[in-house]
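What follows is one structure encoded as structure tokens, with my remarks underneath.
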Amino acid sequence: MRRVTLRAALRQVAQQWQEKVARGALRPQTADSYITNTERLLRFALALGLDRLDDITDTVAQAFIDAPGHDRHGRLVTCPADSTRRVRRSSVDAFFAEARRLALTTRAPLLDLPPIPRSQPRPTGILTDTDIDQLRFYAERGMPQTRHAAVLGLLLSGLHTGEIGLAGVTDLDLEHERVWAVGAARITARYCPLDDPWNREVLRLRAEYVQQQSGSDRPQTLTTNGTAPTHRMQSSICTTFGEVVRASGIAPKGRSATPRDVSSWLAAKIHAETGQIAEVALRLGLASLDRAAKLAGYHWRPSGTED
């Protein structure tokens, strides 16, 4: 078999991933993550003097997965978290699976190595109205220079973390009290109402601030660097929300609150006000009524009914 360079293989595989995204067979965030991590594998291999695809042995791939890195603040992390290692491993696996499909190699690094253990899933928690008020209070600190209130405002309006980082100044329609949500994998694009005065005001202030700071007429994103990869923007949004949670001390069922807890609170609120799961699905862009019902904590089936 011909000796394909890593760089050439990455170009061909990345093109296949982008074509899958265009067909709807692969999430854009997943493709971005795969490409980013495979580019890191390329740099890692070149630093070792390896430039061919078949130079990536089990040992090299494992060393890459366990390699030190930097967090979002640029600090050195000598022992990457298991979640980071799993992402790196899945990227390497996906890269070589596609390379084999393209007949670029017959190698399958990591195939026989044990899986990286997953931590136990955290218990679900239910936020109260008081919890939401606490989150709002702590999110306001430093606004509009900080993005915390805007992130929470978009989340409370019905956007998901994958949509929040893409929301821009021009997506706000304050005249009609709504914001455009671009959609994501299994999430439908839609307008979300800005019917809560707090959400509307913090987003208005943030939009004015980021546009003034940009020094140009070009529309700006509200909470992220719009040029960053999608998966990185989503991770940044989750990190920002986590900072608000830690400051507020909110801990439903004894664990840290997540963005999904806020979406669940909103879903339950909409269901209580309208009595319609369909309204929950429309607001949150969910095509499945079962998903909407689960998010709102509403049980379709009578007690004792089997799935």
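Because the structure is predicted, anything quoted here is derived from the model rather than measured. What you see below is based on every heavy atom in this structure, not just the backbone, and it leaves out hydrogens, waters and symmetry mates.
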Check the pair Asp66, Arg85 against salt bridge (charged side-chain N to carboxylate O under 4.0 Å, His left out), reporting the backbone distance first and the verdict last.
-> CA-CA 7 Å; Asp66 296 333; Arg85 296 170 65 238; 2.8 Å; yes
Between Arg100 and Arg107, is there a donor-acceptor pair closer than 3.5 Å when you use the side chain of the first and the backbone of the second?
-> yes
Quick one: are Ile56 and Phe96 in side-chain contact, heavy atoms under 4.5 Å?
-> yes
Arg101 atom CZ, over 12 foreign heavy atoms within 6.0 Å | yes
When rounded to the nearest 0.5 angstrom, what is the spacing between OG1 in Thr36 and CZ in Arg88?
-> 12.5 Å
Does a side chain donor of either Glu243 or His148 reach within less than 3.5 Å of an acceptor in the other side chain?
-> yes
Would you check, one step at a time, whether the test side-chain contact (heavy atoms from CB on, under 4.5 Å) holds for Leu282 with Arg190?
-> CA-CA 8 Å; Leu282 286 172; Arg190 67 215 176 277; over 6 Å; no
When you look at Glu273 and Lys269, which way does the salt bridge (charged side-chain N to carboxylate O under 4.0 Å, His left out) test go after all the steps?
-> CA-CA 6 Å; Glu273 292 174 350; Lys269 180 173 180 286; 3.1 Å; yes
Among Arg200, Arg283, Arg178, which one satisfies salt bridge (Lys or Arg N to Asp or Glu O under 4.0 Å) with Asp195?
-> Arg283
Exam field: side chain Asp131 to backbone Thr128, donor-acceptor pair closer than 3.5 Å | yes
side-chain contact (heavy atoms from CB on, under 4.5 Å) between Arg3 and Asp55: does it pass, once the steps are laid out?
-> CA-CA 9 Å; Arg3 296 270 288 167; Asp55 290 338; 3.4 Å; yes
Would you sort out whether Arg147 and Leu222 count as a side-chain contact (heavy atoms from CB on, under 4.5 Å), showing the intermediate values?
-> CA-CA 8 Å; Arg147 59 182 177 166; Leu222 288 164; over 6 Å; no
Taking the side chain from Arg11 and the backbone from Leu6, do they hold a donor-acceptor pair closer than 3.5 Å?
-> no
For Ser248 and Gln134, does a side-chain donor sit closer than 3.5 Å to a side-chain acceptor?
-> no
Quick one: which of Arg206, Gln213, Glu208 gives a side chain to side chain contact (heavy atoms under 4.5 Å, CB included) with Val210?
-> Arg206
So, Asn37 side chain and Ser33 main chain: donor-acceptor pair closer than 3.5 Å or not?
-> yes
In terms of ring plane angle, is the pair Trp17 and Tyr34 parallel, tilted or perpendicular, where the classes change at 30° and 60°?
-> tilted
Can any side-chain N or O of Ser264 pair as donor or acceptor with the backbone N or O of Leu295 at less than 3.5 Å?
-> yes
Say you draw a straight line from CG of Asp290 to OH of Tyr298; how long is it, rounded to the nearest 0.5 Å?
-> 11.5 Å
